[in-house]
Protein chains: 2
Amino acid sequence: MLQSVDSSVRARILEQALGLFAERGVSGTSLSSIAQAAGISKPTLVYHFGSKEGLRSAVLNQVMEHWQAEVPRLMVAAASGGPRLDSLLNAFFEYFQSDRNRARVLVREMLDRPVEMRTLLAQHLQPWTRLMTEAIRLGQGSGLLRPQADPESYTVLVICSALSLVAVGPDASALISPEPTLADQRVELVRIARTALLNPPQQES
Amino acid sequence: MLQSVDSSVRARILEQALGLFAERGVSGTSLSSIAQAAGISKPTLVYHFGSKEGLRSAVLNQVMEHWQAEVPRLMVAAASGGPRLDSLLNAFFEYFQSDRNRARVLVREMLDRPVEMRTLLAQHLQPWTRLMTEAIRLGQGSGLLRPQADPESYTVLVICSALSLVAVGPDASALISPEPTLADQRVELVRIARTALLNPPQQES
DNA sequence: CCTACCGATCGGTAGG
DNA sequence: CCTACCGATCGGTAGG
């Protein structure tokens with residue numbers, strides 16, 4: 001009713017927009033429905049973000065920015081203990097599972113705006129994935145990792161699988177009876193990723 | 001100009017709708033834009049499909065129906081040569097890579113209508129996936145396959161990964177430099193799926 | 001941050 | 001299979 005502190009309204013809009021964009025997509029979500037969910041009027045929403053396009057990119061940036069901050073932290077932590085694939089993958093899941101809407105807007109955005117998304121992914125994440133592929137090549141050189149693995153394809157595949165698992169996995173599980181839970185699938189993905197990368201005999205990496 | 005044979009118009013509408021739904025989503029696509037792409041008027045489109053909702057489900061059914069016909073054929077072929085995971089996976093890729101829009105509308109539909117999509121997936125594909133999980137359990141019993149694999153999660157994961165790879169993989173590849181092609185990623189997914197399932201020493205399955 | 005309002009486009013119908 | 005048309009809702013603006 002009277003919380004007109006600018007940043008709190010902005011945050012509330014972003015939060016509601018994330019949820020509605022994830023559920024219905026950007027074009028399936030009207031500005032008035034977002035305004036209503038945030039408890040403000042539509043012109044107020046436009047005042048804060050300029051346009052629907054401005055709101056879309058603000059929501060997307062918010063999701064991506066976390067990675068810009070988190071990824072370096074993870075890489076440092078992982079490097080100190082050797083190339084710990086599991087912990088990287090688990091951190092990935094931790095972030096996206098804590099709010100599945102993040103994964104869903106990313107997948108939607110890749111479908112809606114592939115060209116723009118390519119640029120964004122390259123800018124934000126290539127420095128990180130490069131470390132990953134370098135680590136894999138190192139491991140292959142030392143005989144720890146399977147030489148058949150293609151470092152680039154492997155990395156894209158694991159990230160892409162993890163993202164889509166969080167985004168649509170719980171519904172894709174209807175493919176099967178009895179349905180595996182998202183937690184089951186997460187454990188299995190980590191197992192698959194490890195098994196397909198490490199040379200036998202397997203050891204904790 | 002004068003091809004008023006009913007079925008050809010219907011087919012043309014379905015084809016254009018598949019493309020536009022895949023690119024922009026259902027809610028991002030107007031009936032008039034589909035009508036224009038198909039070379040007819042909007043009321044004609046509505047006459048053929050009743051409503052936008054009718055068109056949506058017709059497009060979706062068309063994609064799913066192929067599987068209803070193809071899957072049994074594949075399973076029989078695969079069974080005659082033992083559980084040949086690779087050939088199943090390759091047939092999957094063959095279908096979706098021949099028109100990536102099929103994969104994209106399926107992923108969009110899972111995001112837009114998770115509940116309805118769960119029902120559809122269960123009806124069309126559970127008989128098939130059940131054969132898959134049974135074959136895996138058999139292979140585990142005979143020592144051919146890794147006992148650690150969870151048949152249900154493994155199956156969902158492989159299908160989900162393959163689908164999203166076709167749908168967004170070529171753009172997700174911007175995560176990496178140099179970018180792997182979709183073909184590279186497909187080969188690597190097959191390798192990962194095989195390696196994570198077969199007990200070493202590996203043999204053609 | 002709001003009320004009042006705008007032109008454009010939406011999905012769909014009437015009628016033929 | 002078309003032209004002509006409808007009410008509703010869209011994103012966004014004026015003005016305060």
Side-chain angles (χ1 to χ4, degrees), chain A residues 1-62 101 105 108-109 111-113 116, chain B residues 1-62 101 105 108-109 111-113 116:
Chain A
M1 217 59 98
L2 44 76
Q3 66 272 56
S4 36
V5 182
D6 217 51
S7 65
S8 122
V9 172
R10 228 189 113 91
R12 233 167 48 238
I13 296 173
L14 281 172
E15 185 190 342
Q16 299 300 326
L18 177 70
L20 288 167
F21 286 170
E23 265 184 43
R24 312 174 188 176
V26 173
S27 58
T29 306
S30 66
L31 290 183
S32 37
S33 69
I34 300 168
Q36 189 177 15
I40 55 167
S41 69
K42 189 175 60 172
T44 299
L45 194 165
V46 175
Y47 163 77
H48 277 286
F49 293 95
S51 67
K52 194 182 192 182
E53 186 55 35
L55 177 59
R56 176 207 277 254
S57 66
V59 167
L60 183 60
N61 270 348
Q62 192 190 224
N101 290 333
V105 290
R108 280 190 187 276
E109 198 69 20
L111 289 164
D112 287 343
R113 304 275 186 99
E116 293 83 342
Chain B
M1 215 60 96
L2 43 78
Q3 66 272 59
S4 35
V5 183
D6 217 51
S7 66
S8 123
V9 171
R10 228 190 114 90
R12 234 168 46 240
I13 296 173
L14 281 172
E15 185 190 342
Q16 298 300 326
L18 177 71
L20 288 166
F21 286 169
E23 265 185 43
R24 312 174 188 175
V26 173
S27 59
T29 306
S30 65
L31 291 183
S32 37
S33 70
I34 299 169
Q36 189 177 13
I40 54 167
S41 69
K42 190 174 60 172
T44 298
L45 195 164
V46 175
Y47 162 76
H48 276 286
F49 293 94
S51 67
K52 194 182 191 182
E53 186 55 34
L55 178 57
R56 177 209 277 254
S57 65
V59 168
L60 183 59
N61 270 350
Q62 191 191 224
N101 290 334
V105 288
R108 280 191 188 276
E109 199 68 19
L111 289 164
D112 286 344
R113 303 276 186 99
E116 292 84 343

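Labels below follow one simple rule: chain letters A, B, ... track the order of the sequence lines, proteins then strands, and each chain is numbered from 1. FYI, side chains are in, hydrogens and waters are out, and symmetry mates aren't considered; it's all heavy atoms of this structure. Not measured: the values here are computed from a predicted model.
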In whole Å, what is the span from the CZ atom of Phe49(A) to the P atom of dT13(D)?
16 Å
Which nucleotide in the list dT13(D), dC1(D), dC10(D) gets nearest to the side chain of Val46(A)?
dT13(D)
Would you mind telling me which of dC10(D), dC10(C), dC2(D) lies closest to the side-chain atoms of Ser30(A)?
dC10(D)
Quick note, Pro43(A) side chain, CB onward, closest among dA14(C), dC1(C), dC2(C) is dC2(C)
Just wondering, do Leu55(A) and Leu14(A) contact through their side chains at under 4.5 Å, heavy atoms?
yes
Within the pair Ser51(A) and dG11(D), is there a side-chain N or O less than 4.0 Å away from OP1 or OP2?
no
Return the value, rounded to whole Å, for the distance between atom CD of Gln36(A) and atom P of dC10(D).
10 Å
In the strands shown, is dG15(D) matched to any nucleotide by a Watson-Crick or G-U wobble pair with both distances under 3.5 Å, and which?
dC2(C)
Side-chain contact test, heavy atoms from C-beta onward, threshold under 4.5 Å: evaluate it for Lys52(B) versus Val26(B) and give yes or no.
yes
Atom CD1 of Ile34(A) and atom P of dT9(D) are separated, to the nearest Å, by 17 Å
Tell me whether the OP1 or OP2 atom of dT3(D) has a side-chain N or O from Ser41(B) closer than 4.0 Å.
no
Rounding to a whole Å, what distance do you find between Arg56(A):CZ and dG12(D):C1'?
17 Å
Nearest-Å distance for atom pair NZ/P, residues Lys52(B) and dT13(C):
15 Å
Nearest to the Leu31(B) side chain among dA14(C), dG11(C), dT3(C), which nucleotide is it?
dG11(C)
Counting the atoms with a prime plus P, OP1 and OP2 as sugar-phosphate, which does Thr29(A) contact under 4.0 Å by heavy atoms, base, sugar-phosphate, or nothing?
sugar-phosphate
So Leu60(A) and Val105(A), do their side chains get closer than 4.5 Å, heavy atoms only?
no
Nucleotide nearest Val9(B) when distance is taken to its side chain, options dG12(C), dC1(D), dT13(D)
dC1(D)
In this structure, how many angstroms lie between the C1' atom of dC1(D) and the CD1 atom of Ile13(B), rounded?
10 Å
Measure NZ/Lys42(A) against C1'/dT3(C) and give the value in whole Å, please.
12 Å
Atom-pair distance (OH on Tyr47(A); P on dA14(D)), nearest Å:
16 Å
Should Glu53(A) and Arg56(A) count as an ion pair when the cut-off is N to O under 4.0 Å?
yes
With the side chain defined as heavy atoms from C-beta on, His48(B) is closest, among dC10(C), dC1(D), dC2(C), to dC1(D)
Atom pair CD1 (Ile13(B)) and CD1 (Ile34(B)), whose distance is rounded to the nearest 0.5 Å:
9.0 Å
